[in-house]
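Residue numbers run from 1 in the order of the sequence given. Because the structure is predicted, anything quoted here is derived from the model rather than measured.
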Amino acid sequence: MSWTDERVSTLKKLWLDGLSASQIAKQLGGVTRNAVIGKVHRLGLSGRAAPSQPARPAFKAPRPARPVAQAMPSAPRRVTPVEAPASVPVAAAPAPLPAFRHEEPGSATVLTLGAHMCKWPIGDPSSEGFTFCGRRSSEGPYCVEHARVAYQPQQTKKKGGATELARSLRRYI
C-alpha cells in the first residue's frame, strides 16, 4: 500500500499523539510497524507529545498467599547419622559425606522452582514423578546436603618419586 497524503497526515497526527509504531500500523492497515518507523524517520518526526505507554495498570495487586499443602513435609529431609558408642573416642575427621540413598520426591516442579530453591533433580526426567529437591539454597543452586555431594574436595595426588615414575614408564617400554 502506498503513502497517500491522507495516510501521511494520519501518521503524523497519531505519532504526535504518542501512539507506538505498532499501534499506528494497525490503525492505518496495510503497513507494518517497520514501514511506519521508516516513514517517520524520512519525515523527520522526532518529537512526541508523550512517549508511548503500554496499556498496563500502574498498580499491581499483591498475589494471594500460596496454600500450604498438607501432604508435603514442611521440614527438610535429612539423613540421620548413626551414633557411635560413648566409650570409643572420636578422632577429628573431615565432614562425612552423606550416605547415598533413594530420595523421596521433592517439593518443587519445573513450574514451581524458584531462585533460592535447591535444583537437585530427583527421579527420572522422563517420568511423571520427576521433581526437584526444593529446599532453601543459600549459595549456589543446591541445598547444603546436595552441595556436599555435588562439590567434593579435590583429591591430592600421591607423589611416589622415582619409583612411581619408573613404574609408570615400564608400561611404555
Using 30° and 60° as the class boundaries, would you call the ring planes of Trp120 and Tyr142 parallel, tilted or perpendicular?
perpendicular

Quick check for you: to the nearest 0.5 Å, what is the distance between Arg7 atom CZ and Ile24 atom CD1?
12.0 Å

Please examine the side chains of Thr109 and Phe130, heavy atoms only from C-beta on, and report whether any two atoms are closer than 4.5 Å.
no

Kindly say whether Gly114 contributes a backbone atom to a donor-acceptor pair with the side chain of Lys119 at under 3.5 angstrom?
yes

Common cluster, Val8/Leu28, ILVMFWY with side-chain heavy-atom separation under 4.5 Å
yes

Given side chains that start at C-beta, do those of Trp3 and Leu11 come closer than 4.5 Å, heavy atoms only?
yes

Is any side-chain heavy atom of Glu145 less than 4.5 Å from a side-chain heavy atom of Arg135?
yes

Beyond-backbone contact of Gln27 with Leu19, side-chain heavy atoms, under 4.5 angstrom:
yes

What I'd like to find out is whether the side chain of Ile37 reaches to under 4.5 Å of the side chain of His41, using heavy atoms alone.
no

If I take atom SG from residue Cys143 and atom CZ from residue Arg136, how far apart are they, to the nearest 0.5 angstrom?
12.0 Å

What one should report as the nearest heavy-atom pair of Ala25 and Val31 is CB-O, 3.5 Å

Count the heavy atoms of every other residue, nucleotide or ligand shown that sit under 6.0 Å from CG of Asp124, and state whether that count exceeds 12.
yes

If we ignore hydrogens and angles and just use 3.5 Å, is the side chain of Thr112 paired with the main-chain N or O of Ala108 as donor and acceptor?
no

In short, Cys118 meets Phe132 closest at the heavy-atom pair O-CB, 4.0 Å

Quick one: does Leu14's side chain get under 4.5 Å of Gln23's, heavy atoms only?
no

Would you compute the distance between atom CZ of Arg33 and atom OG of Ser20 and round it to the nearest 0.5 angstrom?
8.5 Å

Is it the case that one hydrophobic cluster holds both Met117 and Val110, taking links as side-chain heavy atoms less than 4.5 Å apart, direct or via other members?
yes

Trp15 and Leu45: which non-hydrogen atoms are nearest, and at how many Å?
NE1-O, 3.4 Å

Just checking, any donor-acceptor pair under 3.5 angstrom between side chains of Thr32 and Asn34?
no

